[in-house]
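One-based numbering along the sequence shown.
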Amino acid sequence: MTERFFLYNDYLDTKTRFVSFMGDQSRMDLAIVVTDRFYGKKLVLDMQSSRFAIIGHDDLEEEGYLEHIFRLSDEEAEELRNFLYEVI
């Protein structure tokens, strides 16, 4: 076997918020991870769909971003976007 070559191998202190809420369209179960690794953006994990994204304010304003990343309808994405504006 060859020696493993790491691009990076870091341990970081993080803060994780687990939140579940029911919108008009669907239920969201999220983990929001805060670290200094992503230049002020947060790692948002949708625990129901096993999808995740690194999200900042600029991403929330990008049309179709949440719909594509999390495979949500326009209405579901709008509910998620409204929540994320409060926490990001």
Checklist entry - Do Ile32 and Thr16 come close enough that some side-chain heavy atom pair is under 4.5 Å? => result no
Next on the checklist: Assess the residue pair Arg37 and Leu43 against the criterion (side chain to side chain contact (heavy atoms under 4.5 Å, CB included)); give the C-alpha distance rounded to whole Å, side-chain angles, the decisive distance to 0.1 Å, and a yes or no.
Outcome noted: CA-CA 10 Å; Arg37 181 77 163 194; Leu43 178 61; over 6 Å; no
Checklist outcome for this item: Rounded to the nearest 0.5 angstrom, the NZ-CD1 distance for Lys41 and Ile55 is 9.0 Å
Checklist entry - Do Tyr8 and Leu12 belong together in a cluster built from hydrophobic side chains that touch within less than 4.5 Å? => result no
Checklist entry - Are there more than 12 heavy atoms of other residues, nucleotides or ligands under 6.0 Å from atom CZ of Arg51? => result yes
Item to check | N/O donor-acceptor pair under 3.5 Å between Glu76 side chain and Ser73 backbone | outcome: yes
Item to check | Test log, rule side chain to side chain contact (heavy atoms under 4.5 Å, CB included), inputs Ile88 and Val44 | outcome: CA-CA 10 Å; Ile88 290 186; Val44 178; 4.2 Å; yes
Next on the checklist: More than 12 heavy atoms of other residues, nucleotides or ligands under 6.0 Å from CG of Asp58: yes or no?
Outcome noted: yes
Checklist entry - So do the side chains of Phe52 and Ile69 get within less than 4.5 Å of each other, counting heavy atoms only? => result no
Next on the checklist: Do Arg27 and Gln48 have side chains that approach each other closer than 4.5 Å (heavy atoms only, starting at C-beta)?
Outcome noted: yes
Item to check | Shared hydrophobic cluster for Val33 and Val87 (ILVMFWY, side-chain gaps under 4.5 Å) | outcome: no
Next on the checklist: Are the side chains of Thr14 and Val34 in contact, using a 4.5 Å heavy-atom criterion?
Outcome noted: no
Checklist entry - Taking atom NZ of Lys42 and atom OG1 of Thr35, what is their separation to the nearest 0.5 Å? => result 11.0 Å
Checklist entry - Of the non-hydrogen atoms in Asp29 and Ser20, which two are nearest, and what is the gap between them? => result OD1-OG, 2.5 Å
Checklist entry - Does some side-chain heavy atom of Leu30 sit less than 4.5 Å from a side-chain heavy atom of Phe18? => result no
Checklist entry - Going only through I, L, V, M, F, W and Y residues with side-chain contacts under 4.5 Å, is there a path from Phe21 to Tyr85? => result yes
Checklist entry - What distance separates Phe38 CZ from Asp36 CG, expressed to the nearest 0.5 Å? => result 9.5 Å
Item to check | Side-chain heavy-atom pair Asp24, Glu79 within 4.5 angstrom cut-off | outcome: yes
Next on the checklist: As a quick check of understanding, evaluate side chain to side chain contact (heavy atoms under 4.5 Å, CB included) for Phe83 and Glu78, giving each step before the final call.
Outcome noted: CA-CA 9 Å; Phe83 171 74; Glu78 189 60 29; over 6 Å; no
Next on the checklist: I'd like to check Phe70 versus Met28 (side-chain heavy atoms, cut-off strictly below 4.5 Å). Are they in contact?
Outcome noted: no
Item to check | Lys NZ or Arg CZ of Arg81 over Tyr65 ring: under 6.0 Å, within 45° | outcome: no
Next on the checklist: Hydrophobic clustering (ILVMFWY, side-chain heavy atoms < 4.5 Å, transitive) - are Val19 and Leu72 grouped together?
Outcome noted: yes
Checklist entry - Hey, does Asp46 have a side-chain heavy atom less than 4.5 Å from the side chain of Leu80? => result no
